[in-house]
Amino acid sequence: MLMRILGIESSCDETAVSIVENGIKIISTGLASSAEMHAKTGGVIPEQAAREQIKSIIPVLSEVLGDDKNGKNIDAIAVTVGPGLIGSLLVGVETAKTLSYIWDKPIIAVNHLVGHLYANWFKEVPEFPALGLVVSGGHTDLVLMKDHGKMEYIGSTRDDAAGEAFDKTARLLGLPYPGGPNLSKKAQEFLDKNHKPLTLFPRPLSDEDNFEWSFSGLKTAVTREVQNRKVTENDIPEIAAEVQEAIVNSLVSKCVKAILKYEPKSFLLAGGVAANSRLREKFESELTSKDIKVAFHVPEPKLCTDNATYIASCAYFNQSKRDLLEIEANPQLTIQDKV
Ligand code: KG4
Ligand code: ZN
């Protein structure tokens, strides 16, 4: 039987709505971002993000529903309940509850971090067990998915998230918000012309026998480099390439160790940082060169960053329908928390 789920995502500065059929087919999708506004302030101001989302949610919803304003073709509503910014989360959660109430349709709560992994369900359905790495602006989490809803925590960052490391070092280099994609563009300018080994910055914990990361030292290392070298505009692409390589290498080397240890059938890359082309390439080349038998899945770049398609997909495969009065935004959720 066909099941169409309307997903709503508003955990950070995006306001997104999508309709997905049976968890794998995108029927309609829309997104409003306040990134341009945050570019002026150099980062997301939570109060401003939520105010923009309040204004955007109805236009985006209306665009995605098209002629079906009464949700006749929708079977359930899915919404991100956390983690994220409380004001932002509330916009999505209260909209979802209102629709559930007036349309009399079930509501499914989704953990945003688990949701990210489901961006991998739109091309080719991954086989379990699957090892998944979620690399976003606030999280770096490695999990083993034995099945839908059966997740084992493997490791995470001890301090900054991978996306945060991109964003903060980009800022130190004077690059505009959003830092990750802008740093990556600068790095590419260097990589297009140079092929030297990039080993300037440390890869903390790389020799330790665990699945943890630490990225906060990168800021200090970059600050020191900028001061010592008296950096000019010409040096920025090279430093950006070094930063990117340090983050990418740390992520790839630990994940390869985890793949060898847990021997999953699939490896899933997810979250905003998964849009990084160097990271995608490096995983692909490491797994191939080491002849590791695992199916590597990575979503197309626009599905890596926040959007509602994977929220609807995650809800389809994890259908814990709840009374709408029990659904609450929870900014502190971790990837291990059931919702
Ligand atoms: O998953 P996401 O869209 O939002 C959160 O849930 O946090 O991830 C946003 C993060 C930001 O830190 C952003 O700089 C980073 O993903 N990001 C990138 C790239 N695109 C987005 N980092 C490196 N390279 C990219 N191309
Ligand atoms: Zn996200």
Side-chain angles (χ1 to χ4, degrees), residues 7-16 18 31-35 38-39 42-44 46 49 53 79-85 88-89 92 110-120 132-141 156-157 160-173 175-189 191 215 218-219 240-252 268-283 298-311 313-314 331-335:
I8 301 179
E9 155 61 41
S10 68
S11 61
C12 188
D13 60 337
E14 263 89 24
T15 313
S18 303
L31 180 144
S33 168
S34 49
H38 302 306
V44 176
Q53 287 167 314
V79 65
T80 298
V81 292
L85 305 169
S88 296
L89 288 167
V110 175
N111 179 325
H112 178 81
L113 298 169
V114 180
H116 264 300
L117 292 162
Y118 283 85
N120 283 299
L133 176 72
V134 181
V135 266
S136 71
H139 297 82
T140 301
D141 290 320
S156 67
T157 177
D160 290 354
E164 198 175 352
F166 269 107
D167 296 338
K168 287 181 175 168
T169 52
R171 212 180 159 124
L172 289 172
L173 297 176
L175 299 171
Y177 175 90
N182 283 315
L183 187 139
S184 166
K185 253 186 241 155
K186 278 285 165 209
Q188 198 55 46
E189 286 175 22
L191 295 175
F215 293 110
L218 204 51
K219 288 171 298 189
E242 291 278 8
V243 168
Q244 176 172 267
E245 204 64 12
I247 299 171
V248 164
N249 264 348
S250 298
L251 293 172
V252 174
L268 317 178
L269 188 58
V273 180
N276 183 278
S277 50
R278 181 77 188 127
L279 181 66
R280 301 162 78 97
E281 262 167 42
K282 186 90 187 178
F283 266 118
V298 60
E300 61 172 299
K302 72 169 190 286
L303 295 185
C304 292
T305 47
D306 287 351
N307 70 89
T309 58
Y310 57 71
I311 299 303
S313 172
C314 180
Q332 320 297 354
L333 276 184
T334 71
I335 199 161

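Please read all numbers here as calculations on a predicted model, not as lab measurements. Below, each value reflects all heavy atoms present in this structure, side chains not excepted, and no hydrogens, waters or symmetry copies. FYI, the numbering just counts along the sequence from 1. Every number for a ligand or one of its atoms is a count from 1 in the order of the listing.
- With hydrogens left out, the protein atom closest to atom 12 (O) of ligand 1 is D167 OD2, 2.7 Å, a heavy atom.
- Scanning the protein heavy atoms around atom 3 (O) of ligand 1, the nearest turns out to be D306 N, 3.0 Å.
- Across all non-hydrogen atoms, the minimal contact from S10 to S88 is OG-O, 2.7 Å.
- For R171, there are no salt bridge (charged side-chain N to carboxylate O under 4.0 Å, His left out) partners two or more places apart in sequence or in a different chain.
- When all heavy atoms are compared, the tightest approach of F166 to G180 is CB-CA, 3.7 Å.
- Here the closest non-hydrogen pair linking N120 and A270 is ND2-CB, 4.2 Å.
- The proximity of P181 to ligand 1, defined as any non-hydrogen pair under 4.0 Å, involves the side chain as well as the backbone.
- Only protein N, O or S atoms were considered, and those under 2.8 Å from the Zn ion (ligand 2) are H112 NE2, H116 NE2, D306 OD1.
- Looking at H112 against ligand 1, only its side chain comes within 4.0 Å, counting heavy atoms.
- Residues L251 and A162 share a closest heavy-atom pair of CD1-CB, 4.1 Å.
- Using a 4.0 Å cut-off to heavy atoms of G163, the atoms of ligand 1 that qualify are 12 (O).
- Using 4.0 Å as the threshold, C12 has no heavy atom nearer than that to any atom of ligand 1.
- The closest side-chain heavy-atom distance from R280 to P301 is below 4.5 Å.
- Polar contact with ligand 1: absent for S184 (N/O pair, distance under 3.5 Å).
- The shortest contact between atom 15 (C) of ligand 1 and any protein heavy atom is with V273 CG2, 3.9 Å.
- Checking P178, G272, G138 against atom 20 (N) of ligand 1, the nearest heavy atom belongs to G272.
- With a 4.5 Å cut-off on side-chain heavy atoms, Q244 and K186 do not count as touching.
- With a 4.5 Å cut-off on side-chain heavy atoms, K185 and Q188 do not count as touching.
- Between A165 and F215, the shortest heavy-atom contact is CB-CB, 3.8 Å.
- Heavy atoms of E14 stay at 4.0 angstrom or farther from ligand 1.
- Inter-residue side-chain proximity for L333 and L113 is flagged as unmet; no heavy-atom pair is nearer than 4.5 Å.
- Nearest protein heavy-atom contact of atom 22 (N) of ligand 1 is G180 CA, 3.5 Å.
- Compare S33, G137, A274, S277 by their heavy atoms: the one nearest to atom 9 (C) of ligand 1 is in G137.
- Looking at heavy atoms from C-beta onward, V110 lies out of side-chain contact with V114 at the 4.5 angstrom threshold.
- For the pair H116 and ligand 1, a heavy-atom separation below 4.0 Å is found.
- Taking atom 24 (N) of ligand 1 as the reference point, the nearest protein heavy-atom neighbour is N276 ND2, 3.0 Å.
- The closest side-chain heavy-atom distance from L279 to V298 is not below 4.5 Å.
- Less than 4.0 angstrom separates some heavy atom of T305 from each of these atoms of ligand 1: 3 (O), 21 (C).
- Scanning all heavy atoms of the two residues, the minimum distance from N111 to T334 falls at ND2-O, 2.9 Å.
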